[in-house]
**Student:** 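Here's a structure for you.
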Amino acid sequence: MDFRILGPLEVTSGGRPVVLGGHKPRVVLASLLLNRGRLVTVDRLIDDVWADRPPPSAVNALQTYVSRLRGVLGEQTLVRRHGGYTLVVAPGGVDADRFESLLGDGRAALAEGTPQRAVDLLDAAERLWRGPVLAGLRADAVRAEAARLTELRQVAAEARIEALLALGRAAEAAAAAQAVVRAHPLRERARAHLMLALYRQGREAEALDIYHELRALLAGEFGLDPGVQLADLAQAILRRDPDLLPAAPVPPRPRTVTPTRVTVPVDRFIGRRAELADVDALLRAHRLVTLTGPGGSGKTRLARHLCHDLDLPVYMVELADLTDAALVEATVAEAFGLAVLTDLAAVADAVADDPAVLLLDNCEHLVEALAPLVTRLLVELPRVRVLATSRQPLSIGGERRYPVPPLPAGDEAVELFTDRAAALLPHWAATAVDLAAIGDICAALDGLPLAVELAAAQTVALSPTQIRDSLDPLSLGAQRRDLPDRHRSLSHVIGSSHRLLSRSQRDLFTSLSVFAGTFDADAVAAVAGTDVPTLLPDLTGLINSSLLVNVPGPGRRRYRMLETLRRYAGRDLDPRQRLRLCRRHLDWLLPLAAAADQGLRGPDAPRWLGTLRAEQANIRAALAFALGGPAPEDGLRLAADSAWFWYRRSHVAEGTHWLSMALAAVPGARDEDRARALTGLACLRYLVGDLAASGEAITAAMACAERGGTPATLTRAHIYHAYFLGLSGQIERAGAAGRVALERARNTGADWLVAEALIIVGFVERISGAATAAAATLDESIRVGTRAGFGWSASSGRWMRANLAVDVADYADAYRLARRGTVDLDAQGDVTGWLAGVELLAGTLGMTGRPGDGAMLLGAVGTLGRQVGYQPEQMDPMGSRRNVAAVRERLSVDVFKAAFGQGARLSRDQVRELVARLPDAADGGSGRADPAAGGYGADDKIYRAR
């Protein structure tokens, strides 16, 4: 019995049609067919036939329809089951199944490189269609399957077009693609096929019209652009990319050239699994892949190992020792065993359409000659793929660049060092001290494989600790006799790239040596003393020469120079040049840090936090330069402007170091600058619980600000002085100081200062027992901070307000406030406030009946806090003990330990996910409990039972 649904519903038995009855019996059969082999309940069949309006007699009517169908189909085909029916169909008994089988076989044939078989199979699949799926049946049950099968029909049509293109039948492919595009104008795959078919017929303008037509259609109706792949195809057509040319298969013929045997070094090849997979995938998808990277990064070795394991013939051209560009073509011909040739004509004749890979090694000094040669080769040898290694890309159409990264300094680079050292010292085994030193060496050498091997060679005479302590990357040399001259010293390797630069590129390369970490084009322009458009060609040249690295990330493009390259770039700077460049570097950072200091107190704070995070290495370099003698006053100003960032990101030790150093370097600096720096130092001392040092710093800040500070600086010193007094138990003095600070803040007209002052006043009211007044003041601080866009202040106000709610046993409100403040601080990228907020949130979870989640958060705070050198219990020991107790006392020892340990393994992202899953409001009842009774929530029994 044969069932057909690719068109009107039909059933035949022995080649003769089966009478099915009217519309409703056909819907019943269609529902059974679409669920063939599975039980379909009576209720489901009624829903499919009558939707949401079944008549009272629906069950009886359904039994009548099924009885008639069983009479014509047979009781062994339509089987009654408990609660419903099952349609039993033989394999291949439904035309849709046969269609899907033919489609799968056709696509497999296409993937296997037999496009003619694919066309035959897909044509057979199309012949099964007689119209729309289950045409004429109006039922919800039909729509989903009809949509699925209709989509597969389009997939089959597109696969057939692809097979026609593979056969070189561009005209037929164009006609078929045009039919699909007319019926489905938004299908981008069909348009891509049509564009390619037209291009291969020489109809380039028409091919581009197809793209622009879709672009206009999407923009007009949806406000969208075509996908990236279609846009890339349009660009490839514009530049006449060789990859678009057909590679029509021909019968195999005897080979007339012998491929090169690619050899690999005998020592162990370490790591690079991800890189091997990446390059292999690129080479299978594209006909020209160039491995780029600085000298010594391992490009040649990676390429050799990949080619050694390929299942294609490989022809290798070693270009390192070739200096005459006029001999490039003959050298490539020689790789194919045809040394007498001086051009590619005979190579094309010998290789013809045989698949092969051409490995061009060390191309950087010959790219001008190689670029046109490789373009011709790709056109004349349609099944040859090219893998090139070069410090500079060939920069031609169809090229896919793959920058070979250094080895990860923490594992693969260390393994490389120990492997090469063990080859020299057979009985040596690295100790823990050795491994730590080796890790430092590999990090200092950027994980460059050649540099790591050269350093490992020194273990013959020195221990890893000695090598680290005396490491000069540019002095590293080799004694191995099998290394080429270009790899016998790191200085020589870098110098060979440096010599290929133009004069202006060399000057820019030297200027970049004053940067640390990453930097953007504006920073480069500031240090180079020019503008971005002027320096862009030279900047691009350094990137293309692998002397500067693009750093992946959102937003503005940033760059990084490897430490070994930075040392090379700066070694020839005379003192006056270095002073001038470092001064420009400092001058670039000073206004940026000043703007960030203000921006961190407004709605744009997350962006400024990100900006300063990216520039931390540069700020350290600038501080070291300024405080080293040339500009200590500027160093103090830069440190003061960075203090709030250090506070929020929990750079406690670093911030304390630089602020203390800057204050000591300029004892006679302006009172304004000293007051700001001392206030920053006081805040950092407070974070680690050093109340005495914090009080000393803020008192000194007050004195400086009184003498010569701006109103804002004086007000801020008053605010934190009042906080210090409150923390040290001087409540009456703290109250008076807080009122003065608030009045001064209001007089400045700066809402962010008012918000901070209100928090401190509310804090003092809280510890003095005036809970109602404290609540009103803290609520006002939240409103003012929100109005000012000062997210940290609004969140800190909620943190203080949540603590007040705990004081009065309003645990539900405490939970709500703590969760909101934690989420907001996380969104801003804050660290210190966020950690304190998470700990308080953990406590309120214990208080409101979720101590298990609270224990996990406490574990996370412990681990993440140690990573940055900040623990909330140091800042707020009493509150911290209360939070921990609220969780620990609600759980058994074993359950608390397990949940705490689980939380200790969470990343910040995972903590964020955990907090996001928590309800907005406490779900443990009213959230109020009697502390004397020791009860915080309803789930205590559950957790204890675990």
Side-chain angles (χ1 to χ4, degrees), residues 107-108 110-113 228-229 232 236 241-243 247 259-318 355-364 374 378 383-394 398-420 442 445-453 543 546 549-553 560 562:
R107 297 175 76 179
L110 184 58
E112 292 164 3
V228 174
Q229 291 182 337
D232 287 348
D241 193 328
D243 278 351
T260 311
R261 182 172 176 268
V262 179
T263 60
V264 294
V266 295
D267 48 13
R268 208 170 130 232
F269 184 55
I270 291 172
R272 299 300 197 193
R273 290 185 179 179
E275 289 86 347
L276 283 169
D278 288 345
V279 179
D280 181 67
L282 277 175
L283 194 58
R284 292 180 186 278
H286 305 284
R287 295 184 58 210
L288 172 58
V289 177
T290 302
L291 307 185
T292 61
S297 59
K299 302 181 294 296
T300 293
R301 190 154 201 179
L302 177 64
R304 283 177 176 266
H305 274 272
L306 176 70
C307 290
H308 184 267
D309 297 331
L310 286 177
D311 53 2
L312 290 172
V314 178
Y315 302 88
M316 181 170 177
V317 183
E318 173 54 69
V357 172
L358 175 63
L359 172 56
L360 300 173
D361 194 26
N362 294 293
C363 302
E364 53 274 347
V374 172
L378 292 171
R383 300 192 70 192
V384 168
R385 298 176 183 274
V386 177
L387 177 63
T389 74
S390 180
R391 299 176 198 181
Q392 297 187 41
L394 300 183
E399 182 181 35
R400 292 299 184 273
R401 306 178 192 181
Y402 184 83
V404 176
L407 291 172
D411 38 56
E412 292 181 2
V414 170
E415 185 181 356
L416 176 64
F417 186 105
T418 55
D419 180 83
R420 300 305 189 254
C442 293
L445 297 174
D446 303 303
L448 282 175
L450 176 63
V452 171
E453 293 197 42
I543 295 170
S546 301
V549 179
N550 275 317
V551 179
R560 180 173 68 90
L562 298 182

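Every value quoted in this text rests on a predicted model; they were computed, and no experiment measured them. We count residues from 1, following the sequence as given.
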**Student:** Could you check if a side-chain atom of V404 sits within less than 4.5 angstrom of a side-chain atom of R272, using non-hydrogen atoms only?
**Tutor:** yes
**Student:** Would you check, one step at a time, whether the test side chain to side chain contact (heavy atoms under 4.5 Å, CB included) holds for R301 with L450?
**Tutor:** CA-CA 11 Å; R301 190 154 201 179; L450 176 63; over 6 Å; no
**Student:** Under the rule for side chain to side chain contact (heavy atoms under 4.5 Å, CB included), what residues qualify as partners of A303, not counting sequence neighbours?
**Tutor:** L291, L359, L387, T389
**Student:** With rounding to the nearest 0.5 angstrom, report the CG to CG distance, L416 to L448.
**Tutor:** 11.0 Å
**Student:** If every non-hydrogen atom of E453 is compared with every non-hydrogen atom of R420, which pair is closest and at what distance?
**Tutor:** OE1-NE, 3.3 Å
**Student:** Would you give the length of the straight line joining atom CZ of R273 to atom CG of D278, rounded to the nearest 0.5 angstrom?
**Tutor:** 14.0 Å
**Student:** Can you list the residues that meet the side chain to side chain contact (heavy atoms under 4.5 Å, CB included) rule with D232, with sequence neighbours excluded?
**Tutor:** V228
**Student:** Taking all atoms of both residues into account, what is the closest heavy-atom pair of A388 and C363, and its distance?
**Tutor:** CB-SG, 4.1 Å
**Student:** If I compare all heavy atoms of A413 with all of G447, which pair ends up nearest, and what's the gap?
**Tutor:** CB-CA, 4.3 Å
**Student:** Any chance you could measure L288, atom CG, to L282, atom CG, to the nearest 0.5 Å?
**Tutor:** 11.0 Å
**Student:** Please evaluate residues D280 and L310 with respect to the criterion side chain to side chain contact (heavy atoms under 4.5 Å, CB included), reporting the C-alpha separation (whole Å), side-chain torsions for both, the decisive distance (0.1 Å), and the verdict.
**Tutor:** CA-CA 9 Å; D280 181 67; L310 286 177; 3.8 Å; yes
**Student:** Considering all heavy atoms of both residues, which atom of P313 and which atom of P355 are nearest to each other, and what is their separation?
**Tutor:** CD-O, 3.5 Å
**Student:** Evaluate L276 against F269 for side chain to side chain contact (heavy atoms under 4.5 Å, CB included), listing each step before the verdict.
**Tutor:** CA-CA 12 Å; L276 283 169; F269 184 55; 3.8 Å; yes
**Student:** Listing request: all side-chain hydrogen bond (donor to acceptor under 3.5 Å, both in side chains) pairs with a residue in residues 287-296, at least two apart in sequence or in separate chains.
**Tutor:** T290-E399
**Student:** Take atom CZ of R107 as the centre, draw a 6.0 Å sphere, and report whether it contains more than 12 heavy atoms from other residues, nucleotides or ligands.
**Tutor:** no
**Student:** Does a salt bridge link R268 with E415, judged by any charged N lying under 4.0 Å from a carboxylate O?
**Tutor:** yes
**Student:** Checking side chain to side chain contact (heavy atoms under 4.5 Å, CB included) for the pair L407/I270: CA distance, chi angles, key distance, verdict?
**Tutor:** CA-CA 9 Å; L407 291 172; I270 291 172; 5.6 Å; no
**Student:** Got a second to check how far L378's CG is from L358's CG, nearest 0.5 Å?
**Tutor:** 9.0 Å
**Student:** Let me confirm one number: the CZ-CG distance from R560 to N550, rounded to the nearest 0.5 Å.
**Tutor:** 11.0 Å
**Student:** For the residue pair C307 and V357, what are the closest heavy atoms and their distance?
**Tutor:** SG-CG1, 4.4 Å
**Student:** Rounded to the nearest 0.5 Å, how far apart are NZ of K299 and OG of S546?
**Tutor:** 6.5 Å
**Student:** Which pair of heavy atoms, one from P406 and one from D446, lies closest together, and at what distance?
**Tutor:** CB-O, 2.9 Å
